A.B. asks: 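So that we are looking at the same thing, I have put the structure below in structure tokens.
All of these numbers come straight from a predicted model, not from anything done at the bench.
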Amino acid sequence: MTKEWARAALSHPAFTGISRARLGGPIEELAGPWAARCESALHERRGGKRKQRPGAGPKHDLVFTDRVLVTLVHLRHQLPHAALAELYSLERSTITRAIGEIRPLLAERGFSVPDRTGVRLRTLAPSRAGGWAGKGLPGGAPWRAATPGQ
């Protein structure tokens, strides 16, 4: 299987709970904070400024869009990391690391369990219908999980 095929399959609303038309908004919204976290971690590891130009060095095995998709699918369906890794022809640890990076960003954007502050989000099922930071998805539509048959 190719990564493009896996991306096309996992971006279906049956997997993510978000229509493909609206999926771009949250991905775009999370991209900046994710890039900032990555750069901050690299800066800390290096102990200073970059020694090479941005973009130099090894590339990610799983691009940002796929990281978000994998995380949404895992949270919504509890699909094992190994199964997701098989779809992308990657190691399980790559998927685990990707979910570990994206999950806190989702939590920061407002996915939480209603009426229970501080409860750690384990799946998207109990998340509030308000979506991204309580204001719905970009374009004003509320976030709602798609159910099979709709």
Side-chain angles (χ1 to χ4, degrees), residues 1-46 52 54-114 116-134 136-138 141-150:
M1 266 182 260
T2 66
K3 291 179 183 175
E4 291 78 20
W5 181 89
R7 183 180 307 127
L10 292 182
S11 66
H12 190 279
F15 286 108
T16 62
I18 302 172
S19 73
R20 285 183 172 139
R22 299 217 181 266
L23 193 57
I27 289 173
E28 187 177 310
E29 210 175 303
L30 294 172
W34 178 75
R37 281 186 178 198
C38 288
E39 186 58 38
S40 176
L42 286 171
H43 182 80
E44 216 173 282
R45 255 195 339 242
R46 283 189 303 262
Q52 297 179 352
K59 306 298 179 227
H60 291 286
D61 288 332
L62 199 59
V63 297
F64 178 71
T65 299
D66 292 327
R67 290 170 185 260
V68 174
L69 287 174
V70 161
T71 304
L72 290 173
V73 170
H74 172 71
L75 290 173
R76 185 156 192 256
H77 296 288
Q78 294 299 302
L79 202 60
H81 296 189
L84 291 164
E86 193 64 35
L87 286 172
Y88 280 93
S89 300
L90 296 170
E91 296 293 323
R92 183 202 47 79
S93 61
T94 302
I95 300 297
T96 300
R97 185 172 51 251
I99 291 171
E101 290 174 1
I102 301 302
R103 197 174 184 164
L105 294 174
L106 288 171
E108 285 174 11
R109 298 306 304 152
F111 282 104
S112 61
V113 178
R116 296 183 62 199
T117 57
V119 173
R120 184 173 166 191
L121 177 65
R122 297 196 189 288
T123 68
L124 290 179
S127 65
R128 68 173 173 244
W132 304 100
L137 291 169
W143 182 84
R144 182 177 72 75
T147 55
Q150 283 189 332

A.B. asks: Looking only at heavy atoms, what is the nearest atom pair of L84 and I99, with distance?
C.D. replies: CD1-CD1, 4.5 Å
A.B. asks: When rounded to the nearest 0.5 angstrom, what is the spacing between CG in L10 and OG1 in T16?
C.D. replies: 9.0 Å
A.B. asks: Quick check for you: to the nearest 0.5 Å, what is the distance between L30 atom CG and I27 atom CD1?
C.D. replies: 8.0 Å
A.B. asks: Can you list the residues that meet the side chain to side chain donor-acceptor pair (under 3.5 Å) rule with S19, with sequence neighbours excluded?
C.D. replies: none
A.B. asks: Just how far is it from atom OG of S93 to atom CG of D61, taken to the nearest 0.5 Å?
C.D. replies: 9.5 Å
A.B. asks: Check whether H12 reaches the backbone of A14 with its side chain - one donor and one acceptor, N or O, closer than 3.5 Å.
C.D. replies: yes
A.B. asks: Any chance you could lay out the side chain to side chain donor-acceptor pair (under 3.5 Å) test for R103 and T71, step after step, and finish with the verdict?
C.D. replies: CA-CA 7 Å; R103 197 174 184 164; T71 304; over 6 Å; no
A.B. asks: For the pair F64 and W34, name the ring-plane relationship: parallel under 30°, tilted 30 to 60°, perpendicular over 60°.
C.D. replies: tilted
A.B. asks: Closest approach of Y88 and L62, non-hydrogen atoms and distance?
C.D. replies: CD2-CD1, 3.7 Å
A.B. asks: Write out all pairs satisfying salt bridge (Lys or Arg N to Asp or Glu O under 4.0 Å) with one or both partners inside residues 88-101, taking only residues at least two apart or from two chains.
C.D. replies: R67-E101
A.B. asks: By side chain to side chain contact (heavy atoms under 4.5 Å, CB included), which residues pair with E4, not counting sequence neighbours?
C.D. replies: T2, R7
A.B. asks: Would you check if the side chain of K3 reaches a backbone N or O of L87 as a donor-acceptor pair within less than 3.5 Å?
C.D. replies: no
A.B. asks: Just so I know, are the side chains of T65 and L23 near enough to count as touching, which here means a heavy-atom distance under 4.5 Å?
C.D. replies: no
A.B. asks: Indicate yes or no for a side-chain donor-acceptor contact from H77 to the backbone of F15 under 3.5 Å, with no hydrogens or angles considered.
C.D. replies: yes
A.B. asks: Please examine the side chains of L106 and V68, heavy atoms only from C-beta on, and report whether any two atoms are closer than 4.5 Å.
C.D. replies: no
